[in-house]
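Shown next, in structure tokens, is the structure this report addresses.
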Amino acid sequence: QVQLVNSGGGLVQPGGSLRLSCAASGFALDRYNIGWFRQAPGKGREGVSCISYSGMTYYTDSVKGRFTISRDNAKHTVYLQMNSLKPEDTAVYYCAARPPINVQEMCIRRRNMDYWGNGTLVTVSS
């Protein structure tokens, strides 16, 4: 059974940090690109960061220097470390997996994902 389980969200004050996890099962994670996407209330889904099967990364401009994506294939998990959080980062965050393509294209086009996670809510508020 294929699953992507998201966790790590929560309520944090501006300037705080969270680490999101995307735990994969039922497929060969090391052969897939993984992306983190977010959807804020009343807005469309946005690509935040993507990582290729080989470790190449892409970040949308608004999170560069604050977020770091990484993968641990041995643990079947991809992480999103989020630092210096801002209220505008508030959203439901989802991970997704697809076969390898250019990571920038994966994040921007957001199409043809094989699997999606269940989402985890991040709220940045004082």
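Please read all numbers here as calculations on a predicted model, not as lab measurements. Computed from heavy atoms alone, side chains included, the values below leave out hydrogens, waters and symmetry copies.
A donor and an acceptor atom, one from each side chain of Y93 and R38, are located under 3.5 Å apart. Counted by atom type alone, S17 and N83 present one or more donor-acceptor pairs between their side chains at under 3.5 Å. Side chains of S54 and S52: a donor on one and an acceptor on the other come within 3.5 Å.
Summarising the local packing, CZ of R109 is surrounded by 12 or fewer heavy atoms from other residues, nucleotides or ligands at distances under 6.0 Å.
Shown here for N102 and Q104, the closest heavy-atom pair between the two residues is OD1-N, 2.9 Å. Residues C95 and N6 share a closest heavy-atom pair of SG-ND2, 2.8 Å. Shown here for L4 and Y115, the closest heavy-atom pair between the two residues is CD1-O, 3.7 Å. For the pair R31 and Y53, the tightest heavy-atom approach, listed with the atom from each and the gap, is C-CB, 4.1 Å.
Hydrophobic clustering (side-chain heavy atoms under 4.5 Å, transitive across Ile, Leu, Val, Met, Phe, Trp, Tyr) groups I51 together with W36. No continuous path of hydrophobic side-chain contacts links I108 to V48 [ILVMFWY only; heavy atoms under 4.5 Å]. A continuous path of Ile, Leu, Val, Met, Phe, Trp and Tyr side chains, each step under 4.5 Å between heavy atoms, connects V63 with V124, placing both in one hydrophobic cluster. Connection of Y59 to M56 is not established within any shared hydrophobic cluster, with ILVMFWY side chains joined at heavy-atom distances below 4.5 Å, either directly or through further cluster members. Linking Ile, Leu, Val, Met, Phe, Trp and Tyr residues whenever their side-chain heavy atoms come within less than 4.5 Å places M113 and V92 in a single cluster.
Salt bridge annotation for D89-K86: absent, with no cationic side-chain nitrogen under 4.0 angstrom from a carboxylate oxygen.
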Tell me, with the steps shown, if V122 and L20 meet side chain to side chain contact (heavy atoms under 4.5 Å, CB included). CA-CA 9 Å; V122 172; L20 306 184; 4.0 Å; yes
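Residue L80 holds its CG atom at 9.5 Å from CG of L18, rounded to the nearest 0.5 Å. Taking CG of L11 as the start and OG1 of T90 as the end, the distance is 8.5 Å to the nearest 0.5 Å.
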